[in-house]
Every structure is written in structure tokens, then in C-alpha cells.
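Some notes on the structure that comes next.
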Amino acid sequence: MSGTYLGMPAFPKAAHEAVHDATLRGNLRHATHTIRAKRAKAVAEVSDWDALREAGKRIKDHTLRHLDRYLVQLEASVTAAGGTVHWAADADEANRIVADLVRATGESEVVKVKSMTTQEIGLNEALEAEGIRAYETDLAELIVQLGRDRPSHILVPAIHRNRGEIRDIFRKEMSEWGRPAPEGLTDTPAELAEAARLHLREKFLRAKVGISGANFMVAETGTLVVVESEGNGRMCLTLPETLISVVGIEKILPTWQDLEVFLQTLPRSSTAERMNPYTTMWTGTTDGDGPSTFHLVLLDNGRTDTLADEVGRQALRCIRCSACLNVCPVYERAGGHAYGSVYPGPIGAILSPQLRGVTSEIDASLPYASSLCGACYEVCPVAIDIPEVLVHLRERVVEGGQVTSNGNKVVLKPAKGHAAERAAMRAARWAFSRPGALRAGQRLVSRSRRLHPRSLPGPGKAWSGTRDLPAVPKEPFRDWWQRTNGGMDGKGAAK
């Protein structure tokens with residue numbers, strides 16, 4: 001992944017600062033509670049939701065098992081439809097391809113559809129370095145761009161901003177990017193939306209190059225799909241003469257029929273709508289209809305390395321609905337910026353460390369950015385077991401071991417700062433493999449229970465500061481079992 005967010009503090013430090021921001025926490029609490037309540041209502045309308053969820057999981061797993069075959073089929077289908085396919089191994093290669101394609105048109109500005117993938121590779125910054133200005137056209141992305149900010153949510157990138165802050169950003173920054181904000185702009189949603197509409201309309205009509213991602217790609221037809229709620233995507237995908245789409249290789253589906261599942265689950269899980277207001281599909285180019293030139297940039301950037309991990313690969317099922325963020329108690333309190341990645345929340349905590357590796361301080365801390373409550377798994381429309389992957393990645397951080405990096409098998413060293421955890425786990429393994437030692441230890445703990453502190457010392461003090469330590473029983477379970485014959489009296493009846 002791009003180094004755009006690297007250099008940030010580890011999650012605990014960043015989250016510590018975020019939780020003391022009362023405005024941020026208020027914005028997040030209001031937005032996440034509202035979205036998840038609407039989502040729950042939309043999902044409850046579907047009687048076969050569990051079946052759809054399982055179908056989505058199976059389609060994604062099948063596709064990932066045969067990814068090589070479907071990617072080749074997709075390339076052939078796109079090419080046959082008049083498009084050109086480019087392959088990018090990493091962010092730098094993808095950025096070079098896009099910059100070269102834009103320069104070849106002679107243009108110095110582009111309009112963009114909301115795209116997590118282009119944020120992942122730092123495309124806007126790369127284009128700016130080449131003298132090309134990229135204009136975000138999604139309302140929330142526009143707010144982030146004008147505010148020189150970073151996105152903090154997959155679906156609602158400006159979720160950390162309230163209406164007053166947005167009004168101030170528009171008043172101050174719009175004139176530097178084009179049409180200024182109207183005089184006397186207030187913070188009412190209608191006026192803010194109209195200010196953005198007027199600001200963007202001239203860019204839509206002037207732009208010759210559009211850049212997008214895609215929610216899905218269909219291998220059998222070469223069709224790309226973008227779903228959105230504002231209509232800006234439709235403008236970017238149809239008005240420019242040249243369209244460049246940068247898409248992760250995991251976004252592929254085998255057949256047109258497979259879309260049926262995801263066009264039901266994605267809108268309900270993301271925007272709590274029965275269907276997206278705008279669902280745009282295009283297959284190559286068509287004379288007199290839409291862009292005359294289409295380029296598809298297929299991005300790896302750590303995805304095949306993730307695919308090599310039998311536990312972690314399920315993260316590649318993700319359809320970027322953001323449902324996991326809206327139910328996560330950690331995200332609700334810390335916000336998206338603390339994750340140091342374009343992918344925040346529970347999915348970011350398992351995706352970023354796999355795409356970027358766990359060698360940096362921020363990425364090594366992300367698998368711990370969770371209470372493991374499991375709420376994220378319950379709402380995931382493709383049944384990604386995020387808690388399972390989090391535990392798996394924690395083991396990788398603490399123990400190191402063999403992983404795949406850039407297609408090669410390498411051995412990671414254990415991360416620094418986890419010596420005590422490794423020692424505790426090894427001690428537990430030693431004890432659990434020796435029943436006599438375990439029994440003796442349990443009896444010792446029971447007999448010395450009056451001496452146990454009410455809070456933990458050292459690093460454990462923060463944990464026990466908000467939790468009660470469990471009381472130690474008077475006798476170990478094994479001794480109780482022997483003394484009571486398993487809780488039964490002499491006649492075989494339960495006591």
C-alpha cells in the first residue's frame with residue numbers, strides 16, 4: 001500500500017488523543033448509531049438475508065480460489081469490448097500508468113469518482129507531483145479534499161465533520177479550487193449540497209478525463225459496476241472522453257448472475273437502501289455513448305500475498321459496505337484517523353496489516369484495535385470472521401514466522417514490545433501440557449487468594465482500572481469435581 005499514512009503513531013497513541021476530542025466522539029456516535037439503526041431495519045425486510053450472506057461468501061471464496069483464471073477471462077472480455085487492460089503490481093506502478101495515460105491526453109486535470117483503491121495508492125498526490133490536478137466529486141470526498149483532511153470512514157469519509165465545520169470549509173476553501181461558495185452560506189444540508197453542486201458542475205462539463213474505481217467487475221462480459229447515491233459518479237463515468245478505472249483484483253465476479261446477490265446485500269449493508277439510487281454499468285466503449293477511450297488498471301498491491309494466507313485471505317471478500325465500522329465500539333470512540341490507513345475500523349485492522357505487512361509500528365498495532373466482541377462478524381454481508389483474522393494477525397505480530405511478501409516466502413521476526421506476552425504464552429503452553437504442574441499451580445493460587453491484589457500492577461493497571469479482576473474460587477475445579485463426584489450425590493442425582 002501507499003505510504004501516505006505511514007509515520008503516524010501506533011493505534012493506542014492515536015486513539016488516546018481521539019477519545020479526548022468531545023466533538024469528534026459526538027459526531028461519530030450520532031452518525032454510526034443512525035446508520036446502523038437504518039441498516040438493521042433494511043436488512044430485516046429481507047427474509048432470506050442469511051442465505052444471501054452465505055451465497056455472497058461462497059461466490060467470493062470460489063472466485064478467490066480461481067482468481068488467475070477469472071482475471072485472464074476479464075482481460076479478454078474488456079479487450080474484446082474495446083477497452084485496454086493494464087496490470088500494476090504495486091502502488092508506484094499503478095500511479096505511473098495512470099499519470100502516463102492522463103499526460104497522453106494532453107489534459108492537466110481529472111474528475112474522480114469516490115474510490116478507496118485510488119486513495120490506497122495515493123493517486124491524487126502522485127498526479128499532483130506530475131502537474132495534474134484531481135478533483136474529488138463525491139460530496140464527502142470533496143469536503144475531505146477542500147479541508148486538506150483525510151477520510152475517516154469507508155462510506156462517509158467526512159463522518160468526523162459536523163455541518164458547521166463543513167460550512168466553514170466551503171466558505172474558506174472553495175474559491176481556491178474553482179467556483180466559490182455562495183454568499184451567506186449556512187449550515188443547512190440543502191444549502192451545503194447546492195453549494196457543492198454548483199462548484200462541481202463546471203468541472204463535470206469541462207473535464208476530458210475521468211478516474212474511477214469499481215465495486216464489481218464481471219469476468220464473463222468485461223462489465224464494470226459502480227454504485228452510488230449522489231449522481232456524481234454517473235457524470236464522471238459518462239461525460240469525459242477518456243475513462244481510467246483503477247480496481248483491485250479481488251473485485252472480480254465470475255458471471256453477470258453473481259451480481260444479483262451483491263446488488264441486494266451491498267446497498268442494504270452500506271446506505272440502508274433497498275437499492276442504490278445510481279447503479280452505473282459499462283462494458284468497454286460504444287461509439288457515440290460515453291467515453292470513447294477506456295483503460296482498466298488492475299491492481300495487486302499486496303493482494304496476492306494476502307491470498308496466500310489461508311486464514312487472512314477472507315479479508316479479500318470485503319465489498320466495502322462499512323457495516324463493521326458502524327457497530328464497532330472501538331471505531332465509535334477512536335474514529336477512523338487513528339487507524340493510520342485509508343481502510344479504518346475492523347476491516348482495516350485486518351486488511352491494512354496484510355496489504356502493508358506488520359513491520360511498521362502502526363500496522364503491528366492494528367490487530368489489537370478491537371475488543372473481539374464479534375459484532376463486526378455478525379453484520380458482515382460476506383461473513384468475514386474478522387475476530388478470527390485479528391487473533392491470527394496478533395499471533396503473527398508476537399511470534400513472527402513465515403509469510404508471503406511480494407510473492408516470496410519470508411520469515412518475519414517477532415515484533416518488539418511483546419516479550420512479556422510471548423513469555424506468558426509459552427509458560428501457559430508449558431503448564432497446560434503438564435497436568436501435575438497445572439494442578440499444583442491451581443491449588444497454590446486458590447490457597448493464596450487473600451493475597452491477590454484488586455488491580456494489576458504495571459502495564460496491566462490500565463486494563464484493571466475499568467474492570468474488576470475475577471475472584472479466585474476457594475478450590476480448583478478439578479478438586480471440586482473429585483470431592484463432589486462431578487456435582488452428583490451418591491445416588492446419581494444432581495446436588
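These numbers come from a predicted model, not from an experiment. Starting from 1, each residue takes its place in the sequence as its number.
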Residue set satisfying side chain to side chain contact (heavy atoms under 4.5 Å, CB included) with M116, at least two apart, ordered chain then number -> K114, Q119, I154, V342, Y343
Kindly compute the distance separating CD1 (I249) from CG (L316), expressed to the nearest 0.5 Å. 8.0 Å
Shortest non-hydrogen contact from N215 to K251? O-CD, 3.6 Å
Answer yes or no: is there a donor N or O on one side and an acceptor on the other, between the side chain of D305 and the main chain of G407, under 3.5 Å? yes
Minimum heavy-atom distance between I350 and P353, given as atom pair plus value: C-CD, 3.8 Å
For N95 versus I121, what's the shortest heavy-atom pair and its separation? ND2-O, 2.9 Å
Angle between ring planes, H16 versus H20, binned at 30° and 60°: parallel, tilted or perpendicular? tilted
Rounding to 0.5 Å, atoms CD (E141) and CG (D149) come to a distance of 10.5 Å
Does T137 have any side-chain hydrogen bond (donor to acceptor under 3.5 Å, both in side chains) partners at least two apart in sequence or in another chain, and if so, which? N232
Minimum heavy-atom separation for M235 and P240, please, with both atom names. O-CD, 3.5 Å
Check the pair E228 / V113 against side chain to side chain contact (heavy atoms under 4.5 Å, CB included), numbers first and verdict last. CA-CA 9 Å; E228 40 122 5; V113 185; 5.6 Å; no
Side chains of R39 and N326 in contact at under 4.5 Å (non-hydrogen atoms): no
Ring pair (Phe, Tyr, Trp, His ring centres under 6.0 Å): which pairs involve residues 367-407, sequence neighbours left out? Y368-H418
Heavy atoms of other groups near H62 NE2, more than 12 under 6.0 Å: yes
Distance only, no hydrogens: is a donor on one side chain within 3.5 Å (strictly under) of an acceptor on the other, for D309 and T306? no
Inspect the contact between E361 and K13 and indicate whether a charged nitrogen and a carboxylate oxygen are less than 4.0 angstrom apart. no
For E194, look at atom CD and say whether over 12 heavy atoms of other residues, nucleotides or ligands are found less than 6.0 Å away. yes
Does anything in residues 84-132 pair up under ring pair (Phe, Tyr, Trp, His ring centres under 6.0 Å), and if so which pairs, sequence neighbours excluded? H86-H295
Set of ring pair (Phe, Tyr, Trp, His ring centres under 6.0 Å) partners for H33, sequence neighbours left out: none
Out of curiosity, S352 OG to I362 CD1, how far, rounded to the nearest 0.5 Å? 8.5 Å
Which pairs count as ring pair (Phe, Tyr, Trp, His ring centres under 6.0 Å) when at least one residue sits in residues 93-113, sequence neighbours excluded? none
Just checking, any donor-acceptor pair under 3.5 angstrom between side chains of T283 and T223? yes
Check for a donor-acceptor pair, side chain of S77 on one end and backbone N or O of A219 on the other, with a separation under 3.5 Å. yes
Atom pair CG/CD1 of N124 and I132 - distance to nearest 0.5 Å: 11.0 Å
What distance do E165 atom CD and R167 atom CZ have between them, rounded to the nearest 0.5 Å? 10.0 Å
Check the side chains of T188 and T186 for a donor-acceptor pair under 3.5 angstrom, ignoring hydrogens and angles. yes
With sequence neighbours left out, write down each residue that passes side chain to side chain contact (heavy atoms under 4.5 Å, CB included) with R313, or none if nothing qualifies. L307, E310
Under the ring pair (Phe, Tyr, Trp, His ring centres under 6.0 Å) rule, collect the residues that match up with Y278, sequence neighbours excluded. none
Mind checking ring pair (Phe, Tyr, Trp, His ring centres under 6.0 Å) for F170 and listing every partner two or more places apart, or none if nothing turns up? none
E173/R148 ion pair, N-O < 4.0 Å: yes
Is there a side chain to side chain contact (heavy atoms under 4.5 Å, CB included) between L142 and W177 once you walk through the steps? CA-CA 10 Å; L142 174 65; W177 291 78; over 6 Å; no
List the steps and the verdict of side chain to side chain contact (heavy atoms under 4.5 Å, CB included) for L355 and N301. CA-CA 7 Å; L355 296 180; N301 208 36; 5.9 Å; no
Any residue meeting salt bridge (Lys or Arg N to Asp or Glu O under 4.0 Å) with R36, in chain and number order, not counting sequence neighbours: E332
Which atom names give the shortest non-hydrogen contact between A195 and L185, and what distance separates them? CB-CD1, 4.1 Å
Checking side-chain polar atoms at under 3.5 Å, does E273 have a donor or acceptor matched by the opposite partner on T271? yes
Name the orientation class of the two ring planes belonging to F11 and Y339 (parallel below 30°, tilted from 30 to 60°, perpendicular beyond 60°). tilted
Taking everything shown except R58 itself, do over 12 heavy atoms lie less than 6.0 Å from its CZ? no
Please check if any side-chain donor atom of D363 sits under 3.5 Å from a side-chain acceptor atom of S360, or the reverse. yes
Distance-only polar pair, side chains of S212 and S245, donor-acceptor under 3.5 Å: yes
Between K57 and R53, does the side chain to side chain contact (heavy atoms under 4.5 Å, CB included) criterion hold? Intermediate values first, please. CA-CA 6 Å; K57 172 187 175 182; R53 186 175 187 244; over 6 Å; no
N-O pairing of R96 and E93 below 4.0 Å: no
By salt bridge (Lys or Arg N to Asp or Glu O under 4.0 Å), which residues pair with E250, not counting sequence neighbours? R303, R320
What's the spacing between L237 CG and W282 CH2 if we round to 0.5 Å? 4.5 Å
Around atom CZ of R201, are there more than 12 heavy atoms of other residues, nucleotides or ligands at under 6.0 Å? no
For E202 versus R179, what's the shortest heavy-atom pair and its separation? OE2-N, 3.4 Å
Only pairs at least two apart or in different chains count here, so list each ring pair (Phe, Tyr, Trp, His ring centres under 6.0 Å) that has a residue in residues 187-245. F216-F262
Residues E241 and K208 bridged, charged N to O under 4.0 Å: yes
